[in-house]
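The chains referred to below are lettered A, B, ... by the order of the sequence lines, with proteins before strands, and numbering in each begins at 1. Below, all heavy atoms of this structure are taken into account, side chains as well, without hydrogens, waters or symmetry copies.
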Amino acid sequence: MIDKLIDLISGAVKDYTGAESVPPFTIAVSAGESHGDFSTGVAFNLAGALQQAPYDIASEIAQRLRPHTDLIDRIDVARPGHINFFMSDAFWQRGLRYILERQSDYGKNDTGRGKSALIEFVSANPTGPIHVGHGRGAVIGDVLSRIMAASGYSVTREYYVNDAGNQVLSLGYSVLNEYYRINDIDRTASMPGEYQGRYIHSISRTLDAVLPPAEINEENIRSITEFSVKSILGDERRALPDSNIKQVLQKFNIAFDTWFSEKRLYMDGSISGVIGELEKRRAVKYDDGATWFLSTLYGDEKDRVLRKQSGEFTYFASDIAYHVDKYRRGYDVLINIWGADHHGYLPRLRAALRALGYDADRLAVMFVQMVRLMRGDRPVAMSKRAGEYVTLEELIDEVGTDAVRFFFLQRSHGSQLVFDIDLAKRQSQENPVYYVQYAHARIASIFGYALTKGWDIDKVDLQTGYAFHNQEKRLLAHCLIYPEVIKDIVVKREPHRLPYYLMELVGVLHRYYTDTRVVGDDRTTGQRLLLMKMVKIVLKNALDMLGIGAPEKM
RNA sequence: GUGCCUGUAGCUCAGUUGGAUAGAGCAACAGCCUUCUAAGCUGUGGGUCGCGCGUUCGAAUCGCGCCAGGCACACCA
């Protein structure tokens, strides 16, 4: 419906400018009644190019819109150049019907039709439980995936498993040493292992599931390491009950399509392959017994090691191979969601991709800023090595999946966020998410009551000739703008806009509920029930996008 | 030192391809349930949009310079 309005405006703009294309502009629900139902600032966007006052441009556009008035009652031009639309009852009727007919499809669009997208997120090292910071990236990636899928993209959600290299080896040693300790075996492995915590203890206690006690020693460190990784990921049958990653993500309402193993890149020769390719392209040097990528030739500030003196590949080398693999799989859109602490890493990855002849601009990286955990006034020390940190699982067990997701989504990913655990726990019943969910439950409750009065929401028909009052137009306007919000989130890659949209919509709903009786007067009950149904559809669809429940009862 | 992110109400944060009186939640205060869920609604107080200069008809938004906080600057991942 709003796209009709957008088309009308675009037509009028073309009519006036004589140009083929129209600069991007937005339609917004107006700030107040005097500003009409919807507004656009398209004249401001044109002012620069046309070298005219926005107000004059707006007037010209409005003139050319006036003939198309079956959907619009009145068009106002307001200084300094806003165009305000007062919509007709016919528009509202058609809008209501439009949403009711589409139901769970309402809000979907086809801007990504025919395009595929790979979204890589979380990718936490399988050396310990995932923590709160991972949770933030997890929700942002998940919601972006949902919204892009609803926009027609064929979306693949991928988790890159760093199951190779020194850190997982260190995990294996940590487990082995713990095994020695709890069994009073007087041996020390050649490496101490840097991980501690309850989960190390738990894994060591189940080691005998893979190896007979006599073989639990350093000679089998590879098996021990592999078992430890599987336990943490959740791939082992006897996976940790208290911290396996897949289980926690499931609890957090997040699912992945693919789990990409770094180890695989070692096994199948991909890493040597890309290094060979870089050599061919003369982007490699040998120095100090190591193999270097000449990344300075491609915009990085210093050259980077691909293969260490020891003969091992660096993480960077395998990561190049991983991203080459992504490109070869042929996605139209590649999105990585990384912790902000990795931002300095991007230039070298882009350099490598460019050196290999790939279009590095096709890879978009969203940097999610840190979560600072507080307990009241006290910052919570986050020491992964010491095993002293709040896991994502602990947080969602105490605060609830819906609330944690909503809280993480309310902030733009570029801002650090302070998460006060005490506050989140204490306010678990007054969290903003309940404000939104309550609206959904309230509407469900109205329908229940209506049924007792003989109104079955599934059997109410749309009437023509019902004149919506102002608050109802506000409800309609907010519901009708929803598809634009979804499109906007995809374009800007800013999922946090959706919670804000919901807060606004729900505010209008709660006020309407307080002021207007839905079930009562025979002349109005039917239409008002349909309005409630419309809002419920939008709430449900938007909450689905957020991966948050839409309860019928609270 | 260099690069990236951030600085908006007491707190946590929206708002930045420049535009209508700068917003929300929480916290504070005062009201609203014989009527569809009060997890709600209404009202009040609360702001030098870090500071300065500049560009502009117009700046929280753009440019430059400061100040403050976070993160990153490995043959770790």
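When both pairing distances are held under 3.5 Å, A38(B) makes no Watson-Crick or G-U pair with any nucleotide shown. Under the Watson-Crick or G-U wobble criterion, with both distances below 3.5 Å, U48(B) is left unpaired in every strand shown. Partner assigned to G1(B) is C73(B), using Watson-Crick or G-U wobble distances below 3.5 angstrom. Under the Watson-Crick and G-U wobble criteria, each requiring two contacts below 3.5 Å, nucleotide A9(B) is left unpaired. Figure legend. C62(B) is base-paired to G54(B); pairs are counted as Watson-Crick or G-U wobble with both atom distances under 3.5 Å.
If you measure from atom CZ of Phe406(A) to atom P of C13(B), you get 15 Å, rounded to the nearest angstrom. Rounded to whole angstrom, the span from the CZ atom of Arg348(A) across to the C1' atom of A72(B) amounts to 10 Å. Rounded to whole Å, the distance from OH on Tyr55(A) to P on A20(B) is 17 Å. Atom P of nucleotide C13(B) and atom OH of Tyr500(A) are separated by 10 Å, given to the nearest angstrom. Straight-line distance from the NE2 atom of His82(A) to the C1' atom of G19(B): 5 Å, rounded to whole Å. Glu312(A) places its CD atom 9 Å from the C1' atom of C75(B), with the value rounded to the nearest Å. Atom CZ of Arg517(A) and atom C1' of U34(B) are 12 Å apart (whole Å). The distance between atom CG of Asp341(A) and atom C1' of C76(B), rounded to the nearest whole Å, is 12 Å.
For Met554(A), whose side chain is taken as the heavy atoms from C-beta onward, the closest listed nucleotide among A77(B), G19(B), A39(B) is A39(B). Among the nucleotides A77(B), A14(B), C75(B), the one closest to any side-chain atom of Gln309(A) is C75(B). Side-chain proximity of Val519(A) to the nucleotides U16(B), A77(B), C36(B) is greatest for C36(B). Checking G69(B), C41(B), C13(B) against the side-chain heavy atoms of Gln416(A) singles out G69(B) as nearest. If you check G40(B), A20(B), A74(B) against the side chain of Asn84(A), the one that comes closest is A20(B). Residue Glu262(A) has its side chain nearest to A77(B) when only U16(B), A20(B), A77(B) are considered. Candidate nucleotides U16(B), U21(B), C75(B) were compared by shortest atom distance to the side chain of Trp292(A), and C75(B) ranks first. Here A77(B) is the nucleotide among A77(B), G19(B), C73(B) with the atom lying nearest to any side-chain atom of Asn166(A). Set against G15(B), G40(B), C75(B), the side chain of Glu494(A) has G15(B) as its closest nucleotide. For His343(A), whose side chain is taken as the heavy atoms from C-beta onward, the closest listed nucleotide among G19(B), G69(B), A72(B) is A72(B).
For Ala441(A), the side-chain contact (heavy atoms from CB on, under 4.5 Å) partners two or more places apart in sequence, or in a different chain, are Met554(A). Scanning for side-chain contact (heavy atoms from CB on, under 4.5 Å) contacts around Gln369(A) gives Arg136(A), Ala340(A), Gln416(A), with sequence neighbours left out. Every residue was checked against the ring pair (Phe, Tyr, Trp, His ring centres under 6.0 Å) condition with Tyr298(A), not counting sequence neighbours, and none meets it. For Tyr173(A), there are no ring pair (Phe, Tyr, Trp, His ring centres under 6.0 Å) partners, not counting sequence neighbours. The salt bridge (charged side-chain N to carboxylate O under 4.0 Å, His left out) test applied to Arg74(A) returns Asp76(A), not counting sequence neighbours.
Residue contacts for Gly414(A): at a heavy-atom cut-off of 4.0 Å it reaches the sugar-phosphate backbone alone, with no base atom in range. At the heavy-atom level, Asp288(A) lies under 4.0 Å from base atoms of the strands shown. Heavy atoms of Leu346(A) sit nowhere under 4.0 angstrom from any nucleic acid atom. Arg307(A) comes within contact range of no nucleotide atom at all, as no heavy-atom separation falls under 4.0 Å. If you check every strand for non-hydrogen atoms under 4.0 Å, Arg411(A) touches a base. Across all strands shown, Tyr345(A) has heavy atoms under 4.0 Å from base atoms, whether or not it also approaches the sugar-phosphate. Looking at heavy-atom distances under 4.0 Å, Glu301(A) makes contact with sugar-phosphate atoms alone, never a base. Nucleic acid contact for Thr516(A): base, since at least one base atom lies under 4.0 Å from a heavy atom of the residue. Among the atoms of the strands shown, none is found under 4.0 Å from any heavy atom of Lys453(A). Using a 4.0 Å heavy-atom cutoff across all strands shown, Ala31(A) reaches no nucleic acid atom at all. When heavy atoms are screened at a 4.0 angstrom cut-off, Thr452(A) is found touching no nucleic acid atom at all. Residue contacts for Phe44(A): at a heavy-atom cut-off of 4.0 Å it reaches a base atom on one of the strands shown. Across all strands shown, His496(A) has heavy atoms under 4.0 Å from sugar-phosphate atoms exclusively, and none from any base.
Taking the ring axis of Tyr513(A) as reference, the NZ or CZ atom of Arg517(A) does not stay both within 45° of it and closer than 6.0 Å to the ring centre.
Between Tyr513(A) and Asn45(A), the residue anchored closer to the 5' end of RNA chain B is Asn45(A), taking for each the nucleotide with the nearest heavy atom. Judged by closest nucleotide on RNA chain B, Val418(A) is the one of Val418(A) and Thr26(A) placed further toward the 5' end.
Using the six-membered ring where Trp is involved, Trp338(A) and His323(A) have ring planes that are perpendicular, over 60° apart on the 30 and 60° scheme. Using the six-membered ring where Trp is involved, Phe293(A) and Phe316(A) have ring planes that are tilted, between 30° and 60° apart. Using cut-offs of 30° and 60° for the angle between ring planes, the Phe260(A) and Tyr322(A) rings count as tilted.
Less than 4.0 Å separates RNA chain B from no heavy atom of any residue of residues 525-533 of chain A.
Distances shown here put every side-chain N or O of His510(A) at or beyond 4.0 Å from the OP1 or OP2 atom of U42(B). For Arg304(A) and C75(B), the shortest distance from a side-chain N or O to OP1 or OP2 is not below 4.0 Å. OP1 and OP2 of U6(B) both lie 4.0 Å or more from every side-chain N or O belonging to Arg372(A). A close approach under 4.0 Å does not occur between any side-chain nitrogen or oxygen of Ser415(A) and OP1 or OP2 of C5(B). Side-chain N/O atoms of Thr127(A) include none lying less than 4.0 angstrom from OP1 or OP2 on A77(B). For Lys308(A) and C76(B), the shortest distance from a side-chain N or O to OP1 or OP2 is below 4.0 Å.
Between the side chain of Ser39(A) and the base of A20(B), at least one donor-acceptor pair of N or O atoms lies under 3.5 Å.
Annotated as anti: C66(B), whose glycosidic dihedral deviates from 0 by more than 90°.
Of the residues listed (Glu472(A), Arg474(A), Gln471(A)), the one engaging Tyr512(A) in a side-chain hydrogen bond (donor to acceptor under 3.5 Å, both in side chains) is Glu472(A), and it is the only one.
Of all the heavy atoms in Met534(A) and Cys479(A), the pair that sits closest is CE-SG, 3.7 Å.
For Phe408(A) and His496(A), the gap between ring centers reaches or exceeds 6.0 Å.
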